[in-house]
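Both backbone and side-chain heavy atoms feed into the values below; hydrogens, waters and symmetry mates do not. Please read all numbers here as calculations on a predicted model, not as lab measurements.
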Amino acid sequence: MANKQTIDIERSLKGFFELPDWMERSLMLGGSYAVLYIIYFFLIIILIIPFIGWVIGCCGFIFIIIAALAMWIYTIGYKYELIKAEMLGTPYTKIKVFENFNERFQHGAKIFVANLVYSIPTIILYVIGYALMFLPMGMLGSLGSSDNDYLGFMAFPSMFLMLLGYVPIGIAVIYQMFQSFFITPSITAMYAKEQSISAMLQFGKVWIFIKENFINLLLLLALTMGTGFIIYFASMISSFLILLCIGIILLPAVFAIGLTFIIHMQASIIGQICKQN
C-alpha cells in the first residue's frame, strides 16, 4: 500500500533561508559552480584566438570537465549528509559546506556510480536514436549523384528512419526525468539507510520504494520544477540587466542562491521520506 503521509512542504521551502549562514552556503557551494560557468564562458571567447587560444581553450575545457565532475560528486556527498541529518533530526547548522572531504567524496562516488548503472537504458536509447537519424544520412551522402534512380528510391525510407530516431530519443528524455525525480531520490534514500551500493542496485526494492512513496516523489518533482522555473525567470531578468551592468553581479548571485536552495530543498524532502519509511 502506498504511503499516504506527505512531506512538510513549508519546512522544505523555508528551511534553507532559516539557516543563519544561508548566504555563506550559497557563496561557497553555488558560487563554486558559478565560477566554473564563468570560466567556461571565457574559454569560449578565448577559442576565437588562433592557435594559442585553441590550446588554452582545449586545456581549459579538460580542466572544467574534471573540476565539474569532482564538484558534482562532492555535492552529492554533501546532499547525502543533509538527508541523513533530516532523517535523524540533526540541525543543518552542524553541517558545513566544506568539511569531511574524504567521506563526502566516498559517499558521493557510490551514489554517482549507482546512478550510472540506472543511466544505461538512456545511453542505449540515445545510441539507437542517433544511429537511426544519422546512418541514413551517411548512406545517402555516400551515394551522391551516382545513381539518381536508386537515390530517389532510398529517400523515403531514409527519411522514415530519421524520423523514427526521435522515438527512442523521446523515450530517453522521459526516462531521464523519471530517473532524476523518482529513481535517484529512491536509491539515495535506500543508501542513507544501508550505506551500500548493493542496496541501491536491488531493482525490485527500488521499484517498491517508488510505488510506496509515489506522492511524495511527485511533490519533489513539482517543487523542483516550480522553483526551477522561478530561478530561470529571475536569471532571464538578470541576463537582461547585464546591459545595465547590474546583471553582472545579479546573475551569478541568482544562480548560486537558486542552486544551493534546490539542493537543500531536495535533501529535506528525501530526508523526510526516509524518516517516514
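Under the 30°/60° scheme for interplanar angles, the aromatic rings of Trp207 and Phe178 are found to be tilted. Between Tyr118 and Phe203, the ring planes are perpendicular. Angles over 60° get that label, and only those under 30° would be called parallel.
Minimum heavy-atom separation, Met200 to Val206: O-CG2, 3.6 Å. Here the closest heavy-atom approach between residue Ala189 and residue Ile270 is recorded as CB-CG2, 4.1 Å. Residues Pro185 and Gln179 share a closest heavy-atom pair of CD-O, 4.1 Å. Between Leu125 and Ile171, the closest heavy-atom pair is CD1-CG2, 3.8 Å. Contact between Met87 and Cys274 at its shortest, heavy atoms only, is SD-CB, 3.3 Å. Across all non-hydrogen atoms, the minimal contact from Ser186 to Ile210 is OG-CG1, 3.2 Å.
A donor-acceptor pair under 3.5 Å is absent between the side-chain atoms of Gln266 and the main chain of Leu220, judged by distance alone. Checking side-chain atoms of Lys110 against main-chain N and O of Ser196 turns up no donor-acceptor pair under 3.5 Å. Between the Thr184 side chain and the Phe181 main chain, no donor and acceptor come within less than 3.5 Å of each other.
Other residues, nucleotides and ligands contribute at most 12 non-hydrogen atoms within 6.0 Å of the CZ atom of Phe41. For CD of Glu10, the number of neighbouring non-hydrogen atoms (other residues, nucleotides, ligands) closer than 6.0 Å is 12 at most. Counting heavy-atom neighbours within 6.0 Å of Lys205 NZ, excluding the residue itself, gives a total of 12 or less. Residue Ile52 qualifies as open at atom CD1: its count of foreign heavy atoms under 6.0 Å is 12 or below.
Atom CD1 of residue Ile187 and atom CD1 of residue Ile197 lie 10.0 Å apart, to the nearest 0.5 angstrom. Taken to the nearest 0.5 Å, the OH atom of Tyr92 stands 10.0 Å off from the OG1 atom of Thr90. Here the straight-line distance linking atom CD1 of Ile83 with atom CD1 of Ile273 works out to 9.5 Å at 0.5 Å rounding. For the atom pair CD1 (Ile262) and NZ (Lys79), the distance works out to 9.5 Å, reported to the nearest 0.5 Å. Between Met71 atom CE and Ser32 atom OG the span is 4.0 Å, to the nearest 0.5 Å. In this structure, CG on Leu132 lies 12.0 Å from OH on Tyr166, to the nearest 0.5 angstrom.
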- Item | Residue pair Leu217, Leu221: steps toward the side-chain contact (heavy atoms from CB on, under 4.5 Å) verdict | CA-CA 6 Å; Leu217 293 171; Leu221 168 62; over 6 Å; no
What's the verdict on ring pair (Phe, Tyr, Trp, His ring centres under 6.0 Å) for Tyr78 and Phe98, showing C-alpha distance, side-chain angles and the deciding distance? CA-CA 9 Å; Tyr78 171 73; Phe98 289 130; 8.4 Å; no
_The test is side-chain contact (heavy atoms from CB on, under 4.5 Å); show your working for Leu219 and Ile7 and say whether it passes._
CA-CA 8 Å; Leu219 283 172; Ile7 58 171; 4.0 Å; yes
Before giving the answer on side-chain contact (heavy atoms from CB on, under 4.5 Å), spell out for Ser268 and Phe16 the whole-Å C-alpha distance, their side-chain angles and the decisive distance to 0.1 Å.
CA-CA 9 Å; Ser268 174; Phe16 173 66; over 6 Å; no
TODO: Take Ile183 and Tyr175, measure what side-chain contact (heavy atoms from CB on, under 4.5 Å) needs, and give me the verdict at the end.
DONE: CA-CA 10 Å; Ile183 296 177; Tyr175 176 79; 3.8 Å; yes
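Between Arg11 and Glu86, at least one side-chain N (NZ, or NE/NH1/NH2) sits under 4.0 Å from a carboxylate O, which counts as a salt bridge.
No chain of hydrophobic side-chain contacts below 4.5 Å, direct or via other Ile, Leu, Val, Met, Phe, Trp or Tyr residues, connects Leu27 to Tyr33. Both Val35 and Phe63 are members of a single hydrophobic cluster when ILVMFWY side chains are connected at heavy-atom separations under 4.5 Å. Side-chain heavy atoms closer than 4.5 Å link hydrophobic residues (I, L, V, M, F, W, Y) into clusters, and following such links, possibly through other members, connects Met225 to Ile231. The hydrophobic clustering, which links ILVMFWY residues whose side-chain heavy atoms are closer than 4.5 Å, places Ile64 and Phe112 apart. Following chains of ILVMFWY side-chain contacts shorter than 4.5 Å, one cannot reach Leu69 starting from Ile65, and the two form parts of different hydrophobic clusters.
For an aromatic pair to be called close, the ring centres must be under 6.0 Å apart, and Tyr37 with Phe255 satisfies this. With ring centers used as reference points, Tyr40 lies under 6.0 Å from Phe61.
Gln195 and Tyr80 share a side-chain donor-acceptor pair at under 3.5 Å. Checked by atom type, the side-chain pair Asn216/Gln276 shows a donor-acceptor distance below 3.5 Å. Between the side chains of Tyr126 and Gln176, at least one donor N or O lies within less than 3.5 Å of an accepting N or O. At a cut-off of 3.5 Å, with distance as the only test, a side-chain donor of Tyr74 or Arg104 sits close to an acceptor on the other residue.
Contact annotation: the side chain of Trp22 never approaches that of Phe261 to less than 4.5 Å [non-hydrogen atoms, C-beta and beyond]. Here the side chains of Glu81 and His107 are not in contact, with every heavy-atom distance at 4.5 Å or above. Taking 4.5 Å as the limit, every side-chain heavy atom of Leu29 sits out of range of all side-chain heavy atoms of Leu259.
Partners of Ile123 according to the side-chain contact (heavy atoms from CB on, under 4.5 Å) rule, which considers only residues two or more places apart in sequence or in another chain, are Val127.
Listed by first then second residue, pairs satisfying salt bridge (Lys or Arg N to Asp or Glu O under 4.0 Å) with a partner in residues 38-48 number zero, not counting sequence neighbours.
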